[in-house]
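Data block below; observations after.
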Amino acid sequence: MRRRPINEPEEFELHSRKGSALQADPAYDGQWAGDSLEREERSSLRRVAGLSTEQADVSEVEYRRLRLERVILVGLVTDGDMRAGEESLRELAALAETAGSEVLDGLLQSRQVPDSSTYLGSGKTKELAGLVASHGADTVIVDSELAPSQRRELEDIVDAKVIDRTALILDIFAQHAKSKEGKAQVELAQLEYLLPRLRGWGDSMSRQAGGRVAGGEGIGSRGPGETKIELDRRRIRQRMARLRRDIKHMKSSRDTRRHNRQRHHVPSAVVVGYTNAGKSSLMNVLTDAGVLVENALFATLDPTVRRAETAEGREYTLTDTVGFVRNLPTQLVEAFRSTLEEAADADVLLHVVDSAHDDPVGQIEAVHTVLAGVEGTEDVPELIVLSKADIADPVAVVALRSQYPNSVLISAVTGEGIDELRERIDDLLPRPSVEIDLVIPYERGDIVNRIHNDGEILSQDHEATGTHVHARVTPEIEGMLMEAGIMEDTRGE
């Protein structure tokens, strides 16, 4: 099969149209700071910032500054769909640039199954080694998850650092996590990925401590002790256990806030969608949340909860969640499960889709795949929101809306469709279950205020004896009216 270089404009164009996840003008200048797994340099390789090769001592997770790397991408098509393979490799290029690297070239191979030894096979691996040498590349990024043995073989042959898609996404998440919970979730995912990939390098990892005799215990205390790699594994497991405890405590705090909203019957909507689909822009339009908006992948990771109002003035909460991507690492899905549970407890899911992207249907399917792993989301009503209408191809939009007839087309820039979206949200959010039509004495203005805050006023008039209210209210407000003798208590009947 012929190699298709990424810089070949007719067949393999690296950047897509403006506004998509593969932006034509990346809004970054190579100055990246964030978190990554750092290890000592392998003597035969040039040290490059970013994700490590895991070929040296891996006893700690440290944070350091990144510099621009020169990378070559590698993809494998197993089903014969070269177009999908090229699209996936373009997305990998956008991910690599987001991580702070310069994409030099790409190699795409059609093969029924990956080679068990080198992933690509001997011929393509030699071709890849030639590409690395000719371009002077630092790193090879593979658009799949590699087995540790496959990565070792590739590194030995191409003489450069090799990482896979999972490691790349983990590094991006580590750069962008800002909150304490987000950093803990990312670190846990990194360690889960790292643990089975630890391996010795030279004698330093295979030396044994010699049991307690090394500590002066004397005769009767000798034993094999632990090797260096065993010690590192134990430390990583201990760190993972601590992170899981911390995340569990943080989850309890968020659950308390969510239960408070549920107790007061505040409806909730959760924004989900592919990374860079326009979720944060929608949050800002609906709530003035001031969430970071950037034309980059995974610009925001930490969930944001804000109050919003429907077209009729009903209050509800709007929650922004982490963006999804094809083949999202299972380690991240598990680590962010407590955050994704916000979607399962929502009253409606606002699924934001980039209508200007080349493959919006593929993005929708990728999001549905991730949500399928979160218990409870299958019962939550979903409203597909087609964003970026101002830059989308009208023909593509028509085709998309014919496939998803109940979707809403919006633009956060021009305001197109925002009013319709507010009306659709109002229709989907649950309404208070109890309807009342009665006169509330003026001295019980506290009840009227509660109805305004937590109920839905249908009509209101002021009479001589009090306020005539026709409204839908929660069971709690119904109980207040019964206790005040304003409404007949029928609960015992």
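Side chains are part of it too, since the values below use all heavy atoms of this structure and drop only hydrogens, waters and symmetry mates.
- Atom CD of Gln363 is separated from atom CD of Glu87 by 8.0 Å, given to the nearest 0.5 angstrom.
- In this structure, the side chains of Leu383 and Leu428 come closer than 4.5 Å at one or more pairs of heavy atoms.
- Atom CG in Leu92 sits 10.5 Å away from atom OG1 in Thr98 (nearest 0.5 Å).
- Once rounded to the nearest 0.5 Å, the distance linking CG of Leu386 with CZ of Arg401 reads 6.5 Å.
- Proximity of Tyr404 to Val353: side-chain heavy atoms (C-beta onward) are nowhere separated by under 4.5 Å.
- Taken from CG in Leu400 to CG in Asp393, the straight-line distance is 11.0 Å, to the nearest 0.5 Å.
- Looking only at side-chain heavy atoms (C-beta outward), Tyr119 and Val162 stay at 4.5 Å or farther from each other.
- Within the 4.5 Å cutoff, the side chain of Glu416 has no heavy atoms near those of the Ile410 side chain.
- Looking at every heavy atom in both residues, Thr317 comes nearest to Ser268 through OG1-CB, 3.2 Å.
- A heavy-atom distance below 4.5 Å is not found between the side chains of Leu104 and Val71.
- Between the CG atom of Asn284 and the CZ atom of Arg306 there is a distance of 9.5 Å, given to the nearest 0.5 Å.
- For Leu421 against Leu286, the heavy-atom pair with the smallest separation is CD2-CD1, 4.3 Å.
- What you find for Ala346 and Leu349 is that their closest heavy atoms are CB-CD2, 4.4 Å.
- The pair Arg70-Asp138 fails the salt-bridge criterion, with no side-chain N (NZ, NE, NH1 or NH2) lying under 4.0 Å from an Asp/Glu carboxylate O.
- Between Gln175 and Asp171, the side chains place a donor N or O and an acceptor N or O closer than 3.5 Å (distance only, hydrogens not considered).
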Practice task
Take Val408 and Ile384 through the side chain to side chain contact (heavy atoms under 4.5 Å, CB included) test and state the conclusion after the steps.
Solution key: CA-CA 6 Å; Val408 180; Ile384 293 183; over 6 Å; no
Exercise for the section: Please report the C-alpha distance between Glu91 and Tyr274 in whole Å, then the side-chain angles of each, then the deciding distance to 0.1 Å, and finally whether the side chain to side chain donor-acceptor pair (under 3.5 Å) criterion is met. Expected result: CA-CA 12 Å; Glu91 182 175 90; Tyr274 212 79; 2.2 Å; yes
Exercise for the section: Evaluate salt bridge (charged side-chain N to carboxylate O under 4.0 Å, His left out) for Lys388 paired with Asp390, printing each intermediate quantity in order. Expected result: CA-CA 5 Å; Lys388 305 182 183 180; Asp390 53 312; over 6 Å; no
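- Of all heavy-atom pairs between Asp347 and Pro381, the closest is O-CD, 3.3 Å.
- Side-chain atoms of Gln109 come within 3.5 Å of backbone N or O of Leu120 as a donor-acceptor pair.
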Handout entry: Asp354 and Ser387: CA distance, side-chain angles, deciding distance, side chain to side chain donor-acceptor pair (under 3.5 Å) verdict
Key = CA-CA 5 Å; Asp354 182 0; Ser387 67; 4.8 Å; no
Exercise for the section: Applying side chain to side chain contact (heavy atoms under 4.5 Å, CB included), run through Leu318 and Leu350 and close with a yes or a no. Expected result: CA-CA 9 Å; Leu318 192 62; Leu350 300 182; 3.8 Å; yes
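- Formation of a donor-acceptor pair under 3.5 Å by the His135 side chain with backbone atoms of Ala137 is not found in this model.
- Using a 30° and 60° split on the angle between ring planes, His351 and His368 fall in the perpendicular class, above 60°.
- Thr287 places no side-chain N or O within donor-acceptor distance of the main-chain N or O of Ala308, the cut-off being under 3.5 Å.
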Problem - side chain to side chain contact (heavy atoms under 4.5 Å, CB included) evaluation trace for Ile247 with Arg245 - result: CA-CA 6 Å; Ile247 292 173; Arg245 288 195 300 269; over 6 Å; no
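- Taking 4.0 Å as the cut-off between side-chain N and carboxylate O, Glu478 and Arg472 do not count as a salt-bridged pair.
- Under 4.0 Å is where a charged nitrogen must lie from a carboxylate oxygen, and between Arg165 and Asp143 at least one such pair does.
- Under the 3.5 Å distance criterion, the side-chain polar atoms of Glu365 are left unmatched by any main-chain donor or acceptor of Gly362.
- Under 4.0 Å is where a charged nitrogen must lie from a carboxylate oxygen, and between Arg422 and Glu309 no such pair does.
- Checked by atom type, the side-chain pair Asp164/Tyr193 shows a donor-acceptor distance below 3.5 Å.
- Ion pairing of Glu127 with Lys124 is present here, as a side-chain N (NZ or NE/NH1/NH2) and a carboxylate O approach within less than 4.0 Å.
- Counting only heavy atoms from C-beta outward, the side chains of Met240 and Leu188 approach each other to under 4.5 Å.
- Rounded to the nearest 0.5 angstrom, Ile451 CD1 and His470 NE2 are separated by 11.5 Å.
- The two residues Ala99 and Leu168 make their nearest non-hydrogen contact at CB-CD1, 3.6 Å.
- For the pair Gln460/Thr467, a side-chain contact is recorded, criterion being any heavy-atom separation below 4.5 Å from C-beta on.
- Under 4.0 Å is where a charged nitrogen must lie from a carboxylate oxygen, and between Arg424 and Asp426 no such pair does.
- Residues Val271 and Thr319 form no side-chain contact, since every pair of their non-hydrogen atoms from C-beta on lies 4.5 Å or further apart.
- For Arg242, the CZ atom is loosely surrounded, since the number of other residues' heavy atoms within 6.0 Å does not exceed 12.
- Residues Ala160 and Val132 come closest through the heavy atom pair CB-CG1, 3.9 Å.
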